[in-house]
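Since the structure comes first, as structure tokens, the remarks are kept for the end.
Hydrogens, waters and symmetry mates are skipped; everything else that's a heavy atom, side chains included, is used. Labels below follow one simple rule: chain letters A, B, ... track the order of the sequence lines, proteins then strands, and each chain is numbered from 1.
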Amino acid sequence: KQEVTQIPAALSVPEGENLVLNCSFTDSAIYNLQWFRQDPGKGLTSLLLIQSSQREQTSGRLNASLDKSSGRSTLYIAASQPGDSATYLCAVGSGGYQKVTFGTGTKLQVIP
Amino acid sequence: NAGVTQTPKFQVLKTGQSMTLQCAQDMNHEYMSWYRQDPGMGLRLIHYSVGAGITDQGEVPNGYNVSRSTTEDFPLRLLSAAPSQTSVYFCASSRNRDRGHQPQHFGDGTRLSIL
């Protein structure tokens with residue numbers, strides 16, 4: 001059974017800092033991995049999708065990397081802003097038919 | 001495009017009542033799914049569908065029914081609500097039905113309280 005872990009559960013940083021969020025998974029036979037952002041009381045917004053054949057994806061100040069062999073993905077946020085404050089979730093597509101497994105998320109607070 | 005639309009946004013039910021959570025997408029996606037999100041447990045898959053007329057159970061299907069009569073709509077029914085079903089419910093859709101079902105597009109959620 002695939003298990004997805006995100007550590008830390010919460011993170012507080014001053015504005016302008018570069019930061020890294022971590023996602024680890026137990027079964028390396030994945031199809032893809034997706035990073036989401038969730039604002040309080042809102043749905044999930046897709047940030048980046050990495051296919052199993054890729055090592056990284058970039059969008060603006062965000063960079064996501066994937067190391068299947070070690071079962072890890074990182075989301076790098078450059079020059080953090082208060083507007084980046086949200087919960088960040090990773091979701092792994094793997095295993096049998098139709099399976100996507102979510103982590104429990106990292107709640108990020110960027111302090112002005 | 002509206003994307004994935006969920007209604008209602010909030011609902012309070014009494015134990016034993018029934019209701020239907022609505023989900024509609026306008027992206028012609030084959031794959032649709034329902035998740036519940038509970039504190040400390042992440043999102044858990046309830047039911048999913050790979051196309052009109054085809055549905056199957058996810059990780060936590062008990063107490064919920066679904067149907068998929070059209071590509072656009074995927075309603076979730078609670079037949080007899082229980083306090084354990086208090087949660088935030090998300091509907092999602094994706095084009096890719098074969099591998100990993102991502103990228104997924106999510107609705108804004110339905111916040112359901114069972115008294």
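- Cluster membership check: Ile30(A) shares its hydrophobic cluster with Leu75(A), using side-chain heavy-atom separations under 4.5 Å among Ile, Leu, Val, Met, Phe, Trp and Tyr.
- With a 4.5 Å cut-off on non-hydrogen atoms, Gln6(B) does not touch chain A at all.
- Trp34(B) and Val60(B) fall within the same hydrophobic cluster, defined by Ile, Leu, Val, Met, Phe, Trp and Tyr side-chain heavy atoms under 4.5 Å apart, directly or through other members.
- Here CG of Asn32(A) is found 9.0 Å from CD of Gln104(B). Values are rounded to the nearest 0.5 Å.
- Linking Ile, Leu, Val, Met, Phe, Trp and Tyr residues whenever their side-chain heavy atoms come within less than 4.5 Å leaves Phe36(A) and Tyr76(A) in two separate clusters.
- Placement of Tyr64(B) and Leu43(B) in two distinct hydrophobic clusters is found when ILVMFWY residues are connected by side-chain heavy-atom separations under 4.5 Å, directly or transitively.
- Interface remark: Gln6(A) contributes no atoms to any contact with chain B (heavy atom separation under 4.5 Å).
- Residues of residues 103-112 of chain A that come within less than 4.5 angstrom of chain B, heavy atom to heavy atom, are Gly103(A), Thr104(A) in numerical order.
- Contact between Leu44(A) and Phe106(B) at its shortest, heavy atoms only, is O-CB, 3.7 Å.
- Looking at heavy atoms from C-beta onward, Tyr35(B) lies in side-chain contact with Val100(A) at the 4.5 angstrom threshold.
- No chain of hydrophobic side-chain contacts below 4.5 Å, direct or via other Ile, Leu, Val, Met, Phe, Trp or Tyr residues, connects Tyr31(B) to Phe74(B).
- Under the ring pair (Phe, Tyr, Trp, His ring centres under 6.0 Å) criterion, Phe90(B) pairs with no residue, sequence neighbours left out.
- Looking at every heavy atom in both residues, Arg111(B) comes nearest to Lys42(A) through NH2-N, 3.3 Å.
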